[in-house]
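Note sheet for the following structure.
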Amino acid sequence: MLSTNWKAMSWAPIPKSQREWRVLPNLQDYGRCRNEFSWEAARRTLEGLPGGGLNIAHEAVDRHAAGARREHLALRFISKRGEIRDFTYAQLSAETNRFANVLRRLGIGKGERVFVLAGRIPELYVTAIGTLKNTSVFCPLFSAFGPEPIRQRMSIGDGRVLVTTASLYKRKVAELRSALPGLRHVLLIGTPEEIDKLPGTLDFNQLMASADDRFVILPTDPQDLALLHFTSGTTGTPKGAMHVHEAVVAHHMTGYYALDFHPGDIFWCTADPGWVTGTSYGIIAPLTHGITSLVDEADFDAERWYSLLQNQAVTVWYTAPTAVRMMMRVGTDVIRNYDLQRLRFIASVGEPLNPEAVVWGQKAFGLPIHDNWWQTETGGIMIANYLSMEIRPGSMGRPLPGIEAAIVQHRPDKTVEVVSAPDVQGELALRPGWPSMFRGYLNEEQRYRKCFNGGWYLTGDLATRDSDGYFWFVGRADDVIKSSGHLIGPFEVESALLEHRAVSEAGVIGKPDPVAGEVVKAFVSLKSGYSPSDELRLDLLGFARKRLGAVVAPKEIDFVSSVPKTRSGKIMRRLLKARELGLPEGDLSTLESDTEAK
Ligand code: ATP
Ligand code: MG
């Protein structure tokens, strides 16, 4: 079977000696750290509730508000227009107490679901933490969802409360009310006049203003439900993954080792809380460390981002491959206009990070981009490139302390077998038992059970592991192309195409073929200054063939204005395939809108 051939390509490892440390990394000796690690000890780095138990909101906010970090800046919000709103830990504690009291007054209790449909505004964050204090379950919805995805998720999640803005409510939710009989209260953010005109709703600000800012977090068992997160819908209908309060142990630990949080850090996670990254790392993990998090309400804009990094003195930055690719498109010249000296660590998640992007980071920022891997189901980072370790561009890195990862293959008798030899392709599997492991897919017991076999959690991703324990992403099991007896991961083909000067984005699928089973077909969008032509197509085919060899290189290339992606920026290969084959397009609730019409 074919394995990834990154190592045969021209991407030299970035040794640790070439990388500058401004602080001593939290993880210095990988082997030792893994050996000495235990989840019990990790749990002891947190405080726990005064009467026993464990609650995310206490670890993230209240224990700092009661201690030395009381006046430290917890969250800094930057609105689309550039206005700043700051919350210290003490203020965040008081505001979230108010929201917990609001819920209590409304009669919302333990385990009941509180949904939020809003952009990255302070009320979203206050609602999230206040909900956890009340031991209700926080469920974020991405603000760009249309009415149907909202209805679908709120019915699956049996939402009792919805917090949203008056304008989103008018445009998207009002029409759904009769379809959501379980929804008891809708709290709107807006002016009293706006809200007055919307029957069956309550005024968020008014309720908050009259609520007490003292609240004692309710008794919380570490196994109590805390978060409901829907997956990105890249491979099919989104699943509602359930997480418990104990997950905070993993949020905290992975923030420490994989994102290298230090007390003076100013952290910026660019993900929206509508996706799991925006909650686990956009809200919880940095707060548990008592550091400052930046939240930008606006969407990607290279110049805005660089000026934020500069003006807010960001030290640790967590972003995604699509954003990196967009920055690459803009080029490195513009970065020279900014002073980004404070930035010391960059990480990326959500999709494979093409090796070219890792190296581009080094050129653009003087810092490589550290890829890490995890899923909605895992609740936190599982495999990462660390500050103190050699980076092998194209690799996701090595498992976190406390995480056992393996490559497994499926036997004909439906059992799984761990592959011990290096560089062999198989499904990435994790040994269950870490605290942020999902506890089920809501209402989909069967789908949940299918994720486990032989004592392993099967991730649905294919990968290889090299002899030094670095994991290399091949593709999602559903996306892998079987051509003339070879298994081909679309990621390696896309990454090779991306190295061509004209290519901005690439999406690769397998197209049924009577002889080969499937042939590789690529959809390519071009950088500005290039336009589609037969000549360019031939050039690209030849270029890919030289890099990848005849078996792996695409046989067909189509030019497209953009590659369809989820709203969280993941390439939707299933949609490219459905369109190519004229099949039903399936669940499109998470499709990015600018690709919707194409
Ligand atoms: P769905 O499960 O609904 O199809 P999804 O898998 O995209 O959607 P998420 O949980 O948001 O939903 O994404 C996790 C997946 O994203 C991983 O299983 C993997 O396929 C991909 N992924 C995340 N990080 C990386 C990475 N660093 N390298 C490669 N793939 C990654
Ligand atoms: Mg998935």
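Every value quoted in this text rests on a predicted model; they were computed, and no experiment measured them. Each ligand, and each atom within it, is numbered from 1 in the order the structure gives.
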Review point. Are any of the heavy atoms in Trp374 under 4.0 Å away from ligand 1?
Key: yes

Check your understanding: Are any of the side-chain nitrogens in Lys577 or Glu580 under 4.0 Å away from the carboxylate oxygens of its partner?
Key -> no

Review point. Should the ring pair Tyr257 and Phe37 be called parallel, tilted or perpendicular, given that the plane angle runs from 0 to 90° and is split at 30 and 60?
Key: perpendicular

**Study point:** Numbered atoms of ligand 1 (with element) below 4.0 Å of Thr376, judged on heavy atoms
**Key:** 9 (P), 10 (O), 11 (O)

**Study point:** Atoms in ligand 1 flagged as close to Val349, the criterion being non-hydrogen separation under 4.0 Å
**Key:** 24 (N)

Review point. Any N or O on Gly350 sitting closer than 3.5 Å to an N or O of ligand 1?
Key: yes

Review point. Does the cation-pi check pass for Arg392 over Trp11, that is, NZ or CZ under 6.0 Å from the six-membered ring centre and within 45° of its axis?
Key: no

Check your understanding: What is the nearest protein non-hydrogen atom to atom 11 (O) of ligand 1, stated with its residue, atom name and distance?
Key -> Ser232 OG, 2.6 Å

Exercise for review: Under 4.0 Å, heavy atoms only, figure out whether ligand 1 is touched by the backbone of Phe473, its side chain, both or neither.
Suggested key: side chain

Practice item. Mark up the atoms of ligand 1 that fall under 4.0 Å of a heavy atom belonging to Lys570, in ascending order. Key: 7 (O), 9 (P), 11 (O), 13 (O), 14 (C), 15 (C), 16 (O)

Exercise for review: Decide whether an N or O pair under 3.5 Å exists between Thr237 and ligand 1.
Suggested key: no

Exercise for review: Would you check whether Leu353 reaches within less than 4.0 Å of ligand 1, judged by its heavy atoms?
Suggested key: no

Check your understanding: For Thr459, is the nearest heavy atom under 4.0 Å from an atom of ligand 1?
Key -> no

**Study point:** Heavy atom of the protein closest to atom 29 (C) of ligand 1 (residue, atom name, distance)
**Key:** Pro352 N, 3.2 Å

Exercise for review: May I ask you to identify the nearest protein heavy atom to atom 4 (O) of ligand 1, giving residue, atom name and distance to one decimal place in Å?
Suggested key: Thr235 OG1, 2.4 Å

**Study point:** For ligand 1, the portion of Arg476 having any non-hydrogen atom under 4.0 Å away
**Key:** side chain

Exercise for review: Answer yes or no: is there an ion pair linking Arg153 with Asp158, defined by an N-O contact shorter than 4.0 Å?
Suggested key: no

Check your understanding: Would you call the rings of Phe452 and Tyr457 parallel, tilted or perpendicular if under 30° counts as parallel and over 60° as perpendicular?
Key -> tilted

Study note, to complete from the structure: In Leu287, Ile284, Ile56, Thr288, the residue satisfying side chain to side chain contact (heavy atoms under 4.5 Å, CB included) with His252 is Thr288

Exercise for review: Return each pair, listed once, that meets salt bridge (Lys or Arg N to Asp or Glu O under 4.0 Å) where at least one residue sits in residues 444-453; pairs must be two or more places apart or across chains.
Suggested key: Glu444-Arg447, Glu445-Arg449

Exercise for review: Would you mind listing which atoms of ligand 1 come within a distance below 4.0 Å of any non-hydrogen atom of Asp461?
Suggested key: 17 (C), 18 (O), 19 (C), 20 (O)

Point to revise | Residue portion contacting ligand 1 (non-hydrogen atoms closer than 4.0 Å) for Lys239 | key: side chain

Check your understanding: Could Asp478 and Arg573 be called an ion pair, given the rule that one side-chain N must be under 4.0 Å from one carboxylate O?
Key -> no

**Study point:** Pairs involving residues 360-372, ordered by first then second residue, that meet salt bridge (Lys or Arg N to Asp or Glu O under 4.0 Å) (sequence neighbours left out)
**Key:** none

Check your understanding: Just heavy atoms, cut-off under 4.0 Å: does Thr234 contact ligand 1 by side chain, backbone, both, or neither?
Key -> both

Review point. Should you measure from each heavy atom of Asp371, which atoms of ligand 1 turn up under 4.0 Å away?
Key: 26 (C), 27 (N)

Review point. Heavy-atom contacts under 4.0 Å between Asn372 and ligand 1: side chain, backbone, both, or neither?
Key: backbone

Point to revise | Plane angle bin for Tyr30 and Tyr386 - parallel if under 30°, tilted between 30 and 60°, otherwise perpendicular | key: tilted

Practice item. Spell out, as yes or no, whether a donor-acceptor pair under 3.5 Å connects the side chain of Thr415 to the backbone of Arg411. Key: no

Practice item. Tell me which protein heavy atom sits closest to atom 31 (C) of ligand 1, plus the residue, atom name and distance to 0.1 Å. Key: Trp373 CD1, 3.6 Å

Practice item. List the closest protein heavy-atom neighbour of atom 26 (C) of ligand 1: residue, atom name, distance to the nearest 0.1 Å. Key: Glu351 O, 3.3 Å

Exercise for review: Check whether any side-chain N or O of Asp466 sits under 3.5 Å from a backbone N or O of Asp423 as a donor-acceptor pair, and report yes or no.
Suggested key: no

